[in-house]
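Residues: numbered from 1 along the sequence shown.
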Amino acid sequence: MHARTRNYGRELESYRLEAVSVEFGDFHPLKPIMVTESKTKKLGRKGSTSSTSSSSSSSMLDPLSSVLDGTDPLSLFAATADPLLSMTTDNARKKRDKDESLSVGSDFEPWSSKRGEILSRYTTNEKLSIVRKASTPGSTVSEKVRTRLEELDDLEEGSQKELLNLTQQDYTNRIEELNQSLKDAWASDQKVKALKIVIQCSKLLSDTTVIQFYPSKFVLITDILDTFGKLVFERIFSMCADHCTPLPDNFTTESVNDIAKETCLNWFFKIASIRELIPRLGISECLPRLTSMIRGIGDPLVAVYARAYLSMPCFGFTVNPSFFSHHLDFLVTICFGCSPQVHGDTVQNQLVAQGVEIPSYLTLYSPAIDWILQCIAYRAAETLLTEMMERCRKLGNNALLLNSVMSAFRAEFIAARAMDFIGMIKECDESGFPKHLLFCSLGQNLALADPPESDRLQILNEAWKVITKLKNPQDYINCAEIWMEYTCRHFTKREVNTILADVIKHMTPDRAFEEVTVCGQRLRSFIPIRRIEPSKESVRVEVCKCIMQAFIKHQQESTKDPVILNALLHVCKTMHDSVNALTLEDEKRTLASLINGFVRMVSFGRDFEQQLNFYVEARSMFCNLEPVLVQLIHSVNQLAMETRKVMKGNHSRKTAAFVRACVAFCFITIPSLTGIFTRLNLYLHSGQVALANQCLSQADAFFRAAISLVPEVPKMISIDGKLRPSEAYLLEFLCNFFSTLLIVPDHPEQGVLFLVRGLLNVIQDYTWEDNSDDKVKIYTNVVHLLSAMGQETYLYHIDKVESNDTLYGGDTKFLAETSRLCETVISQILEHLKNLGKDETLKRQSHLALCFFNSLLAHADLRNNKLNQLAVNLWNLAQKHGFADTKTTVKTLEYIKLQSKHPEFSHFTELLLRLPLQSRT
């Protein structure tokens with residue numbers, strides 16, 4: 001094959017966009033485009049005199065104005081689209097605009113974000129039960145309603161069955177099944193069955209048999225109630241308007257058609273006749289009434305969660321944002337007027353029966369109360385906090401209320417009054433709600449906002465007086481963990497070391513540090529890991545993970561401190577050594593990610609030899625985690641390139657030896673990896689690094705290793721746990737490889753194009769899929785490579801590395817060798833095209849023929865009669881059976897016509913004439 005002579009510099013200039021001078025006026029091209037709609041439906045830039053007038057030569061048109069006769073295609077589509085689609089679009093835009101105008105912003109923590117925390121915090125080992133019993137209709141309901149409700153009892157066999165002795169997970173699974181059953185029943189138009197499920201779930205909310213699990217139960221059950229409410233609302237709303245007239249944003253009953261009104265009234269009657277269900281209306285007149293009705297709930301825990309449910313955004317906050325401010329007295333007074341009930345016989349007997357202490361019981365109220373107060377305090381003025389603090393004092397510094405206040409209001413407000421809160425905490429009754437939990441809440445606020453500087457030391461002293469007296473290791477470590485962040489923010493190492501010494505004093509006796517949960521591991525983790533018994537290996541690993549997570553998160557700069565490095569190497573080694581044959585892949589990825597984060601944070605500056613020594617030591621310590629080895633290889637390659645940068649490419653004897661040591665590190669590490677494509681890509685990358693540092697023999701070794709590895713590529717590889725064909729990944733790798741081989745100089749003892757020939761032999765012998773064209777795609781890329789190799793000057797080079805264009809200097813023997821090799825590759829392509837001449841493969845044949853025709857246009861010298869005829873034959877083959885892509889065909893012909901106008905491509909005119917007439921027209 002005769003390669004087309006290329007002048008890359010001139011080609012680059014020809015592809016540049018034409019430079020146009022601009023006037024820095026109203027129509028600067030970087031000025032934001034403002035599109036306005038005129039009466040004639042034309043679009044123009046803001047500031048133009050008329051949207052229908054033509055712009056002057058110096059003005060820059062709106063890019064959307066240049067198509068479809070100046071009309072924005074999106075506007076044209078909207079004008080001609082289905083009116084139902086237009087109505088949906090308008091409704092979505094109005095809803096978005098309405099949402100943006102609401103007072104609830106991204107800084108408001110929604111209930112959904114609290115869900116996971118509640119489910120993980122309020123757990124139980126007790127057995128749970130679900131009573132599957134439908135409600136019984138009262139005697140005062142109408143006959144029609146009674147008949148419908150009687151269907152609920154008879155709907156499915158075993159409706160009176162009670163599921164007993166469920167574990168927490170079984171209970172959760174059952175609730176999730178009920179939620180899905182509700183959706184399925186609704187979708188299949190079984191409204192009675194859906195209603196029965198909701199009734200079952202509502203009755204569960206009054207059950208406090210396992211009281212410690214109640215907050216989690218509330219979350220699970222209300223999810224189902226929310227689902228039901230949304231299903232009913234969506235059904236009624238879909239009936240509210242006809243196809244042409246959407247409802248206005250603030251619609252009234254007059255805007256709703258009779259069908260929707262009847263359906264809505266029917267649902268109200270259904271719900272009102274079932275005592276377990278109460279209609280939840282989002283209007284200000286009904287909310288106080290519903291809140292008053294909650295007074296009738298005897299169990300104070302159930303009552304406070306009922307109030308929280310009424311306060312959720314979907315039923316009050318977004319409907320009427322002023323609701324909470326207007327009813328502050330009402331909600332708070334009722335919410336904390338339940339104290340006599342808490343200490344009454346009913347609740348006390350229940351707590352004794354379940355073995356629950358008062359402090360633990362009171363914490364069950366926190367999610368509900370926190371939510372109510374969060375709604376009240378959201379974007380409230382600071383004066384509201386002052387008012388709430390006065391309420392707390394009047395209630396005798398109720399600890400539960402005080403804790404919720406500190407959780408609900410902005411941290412800046414709390415921090416500014418930190419000393420006042422400490423005084424109120426001191427006066428709280430210790431028996432009701434533990435003071436250390438109040439200090440935890442205060443500490444969390446002080447971690448987000450700074451108190452007055454004059455109060456900071458006194459705040460720490462007052463808090464630590466209480467914390468240091470805690471006997472329970474878990475309580476102590478939870479408080480210490482929160483206040484350690486405050487100490488680190490505002491004090492010196494002396495205060496921090498004092499706190500740490502106190503932690504060691506509390507957590508070391510009787511090996512208490514082994515008994516605390518994950519919540520306190522960030523602080524306990526500095527206790528010597530060797531003290532943890534082998535039987536506590538899982539605890540040891542969790543401690544190490546917490547240490548590394550904190551280091552990666554908070555360490556802002558790289559480090560070379562020997563104390564830190566030795567300590568963290570031991571931590572990482574502990575994590576690494578925990579890996580065994582039973583370790584899950586997700587756990588391995590987590591551990592490897594933490595270790596890699598540490599490796600990336602270690603830097604010895606210009607002491608490159610010390611940096612390489614660290615990587616060598618890390619390789620020996622973390623050999624069982626492949627992602628860590630991959631990271632080390634990349635880090636060493638980066639180290640070699642940094643050395644090249646420092647030396648500006650002119651290596652001395654010492655630096656040349658050093659980069660060869662880096663190259664050797666990579667060469668002996670890569671074979672230990674298991675991932676086939678990981679090895680291939682690292683061989684290629686490391687070879688490129690070696691080449692850039694003028695290590696030519698080492699680069700050859702990398703490339704030969706990659707070539708010898710290609711036959712081992714399996715047909716299927718695992719990607720994200722799924723088996724996928726490997727040919728697409730192999731094709732991508734080989735294309736990258738060819739790009740590198742263009743500038744790799746031939747070895748003086750191995751002959752011309754030694755690496756290219758070796759790779760082609762491997763490709764030829766590789767067993768490709770029968771229905772795959774990847775082999776031809778690879779050979780086509782080889783044709784591009786050989787064409788580029790035949791140029792006098794290559795497209796790109798590596799500094800201080802002489803490629804074959806310099807070594808051979810356009811030698812005729814070298815060019816003849818590339819031509820012969822190219823002819824061999826082309827014959828393989830044509831053989832494959834010939835084998836595709838069957839009915840079921842004609843489309844593939846047409847596509848490949850057209851693609852190869854375009855390759856010849858770009859890379860071959862078509863003044864050669866043989867190549868010219870080959871191009872014509874390929875074109876005819878592509879058009880023969882009518883499978884050629886019309887769009888590609890037209891663009892190809894346009895390209896030939898355009899190029900034929902240039903003197904160096906005058907022969908394209910003759911080529912165009914040789915193409916079939918029907919193709920050219």
Side-chain angles (χ1 to χ4, degrees), residues 107 109 377 382 385-386 388-389 392 399 402-428 434-470 473-507 513 516 519-527 546-559 561 563-564 567-568 601:
D107 57 334
E109 184 182 6
E382 195 169 358
L385 175 59
T386 304
M388 291 301 300
M389 294 174 69
C392 289
L402 187 60
N403 186 70
S404 296
V405 168
M406 289 190 290
S407 300
F409 283 85
R410 291 173 56 183
E412 294 83 359
F413 296 168
I414 304 297
R417 294 170 168 79
M419 288 305 301
D420 293 335
F421 277 102
I422 287 178
M424 297 173 68
I425 292 173
K426 287 182 178 181
E427 298 174 6
C428 287
K435 289 185 180 180
H436 72 267
L437 295 180
L438 297 176
F439 276 106
C440 284
S441 297
L442 179 60
Q444 289 171 342
N445 281 282
L446 297 181
L448 299 173
D450 298 334
E453 188 172 358
S454 58
D455 295 340
R456 291 175 185 176
L457 182 58
Q458 186 178 358
I459 291 171
L460 179 60
N461 290 334
E462 293 292 341
W464 207 258
K465 286 178 184 178
V466 176
I467 296 172
T468 193
K469 293 178 182 179
L470 294 174
Q474 184 66 63
D475 294 341
Y476 173 85
I477 201 70
N478 287 344
C479 291
E481 181 181 23
I482 292 172
W483 281 89
M484 175 56 74
E485 185 169 350
Y486 171 78
T487 307
C488 293
R489 280 169 61 98
H490 300 298
F491 300 99
T492 64
K493 292 182 180 179
R494 186 175 70 86
E495 288 81 6
V496 173
N497 289 334
T498 301
I499 299 295
L500 292 179
D502 190 68
V503 173
I504 294 176
K505 178 182 176 181
H506 277 76
M507 304 306 295
F513 58 84
V516 298
C519 296
Q521 283 173 356
R522 284 185 296 176
L523 248 188
R524 78 176 192 185
S525 54
F526 65 85
I527 296 175
C546 288
I547 294 174
M548 294 312 303
Q549 287 168 355
F551 176 80
I552 295 171
K553 179 180 180 181
H554 299 291
Q555 183 70 22
Q556 301 296 326
E557 299 177 354
S558 57
T559 182
D561 186 282
V563 177
I564 295 177
L568 294 185
M601 290 301 297

> Which value, rounded to the nearest 0.5 Å, describes the distance between L460 atom CG and Y486 atom OH?
Replying inline: 6.0 Å
> In Å, rounded to the nearest 0.5 Å, how long is the span from NZ of K435 to SG of C440?
Replying inline: 14.5 Å
> Are the side chain of N478 and the backbone N or O of Q474 linked by a donor-acceptor pair below 3.5 Å?
Replying inline: yes
> To the nearest 0.5 Å, how far apart are CG in L385 and CZ in R417?
Replying inline: 5.0 Å
> Run the side chain to side chain contact (heavy atoms under 4.5 Å, CB included) check on E382 and F409 step by step: do they pass?
Replying inline: CA-CA 9 Å; E382 195 169 358; F409 283 85; over 6 Å; no
> With sequence neighbours left out, what residues match K465 under side chain to side chain contact (heavy atoms under 4.5 Å, CB included)?
Replying inline: E462
> Who passes side chain to side chain donor-acceptor pair (under 3.5 Å) against T498, sequence neighbours left out?
Replying inline: none
>> Whether the side chain of T487 engages the backbone of W483 through a donor-acceptor N/O pair (distance < 3.5 Å, no angle test) should be reported.
In response: yes
>> To the closest 0.5 Å, what do you measure between CD1 (I414) and CG (L442)?
In response: 8.0 Å
>> If I compare all heavy atoms of W464 with all of A480, which pair ends up nearest, and what's the gap?
In response: CH2-CB, 3.7 Å
Determine all donor-acceptor pairs shorter than 3.5 Å in which one atom belongs to a side chain in residues 443-452; sequence neighbours excluded.
from : atom 1 : to   : atom 2 : distance (Å)
N445 : ND2    : M406 : O      : 2.9
N445 : ND2    : S441 : O      : 2.9
D450 : OD1    : R489 : NH2    : 2.5
D450 : OD1    : H490 : NE2    : 3.3

> Any donor-acceptor pair under 3.5 Å linking the side chain of E485 with the backbone of I482?
Replying inline: no
> Do I467 and H436 come close enough that some side-chain heavy atom pair is under 4.5 Å?
Replying inline: no
> Do P434 and D475 come close enough that some side-chain heavy atom pair is under 4.5 Å?
Replying inline: no
> For F551 and I564, which heavy atoms make the closest approach, and how far apart are they?
Replying inline: CE1-CG2, 4.2 Å
> Mind checking whether I552 and M601 have side chains closer than 4.5 Å, heavy atoms only?
Replying inline: no
> Rounded to the nearest 0.5 Å, how far apart are CG of N461 and CZ of R456?
Replying inline: 14.5 Å
> Is it true that the NZ or CZ of R410 lies under 6.0 Å from the centre of F413's six-membered ring and within 45 degrees of the ring axis?
Replying inline: yes
>> So, taking the atom named CD1 in I422 and the one named CG in L438, what distance separates them when rounded to the nearest 0.5 Å?
In response: 11.5 Å
>> Applying side chain to side chain contact (heavy atoms under 4.5 Å, CB included) to M484 and V496, what does each step give before you reach the verdict?
In response: CA-CA 7 Å; M484 175 56 74; V496 173; 4.1 Å; yes
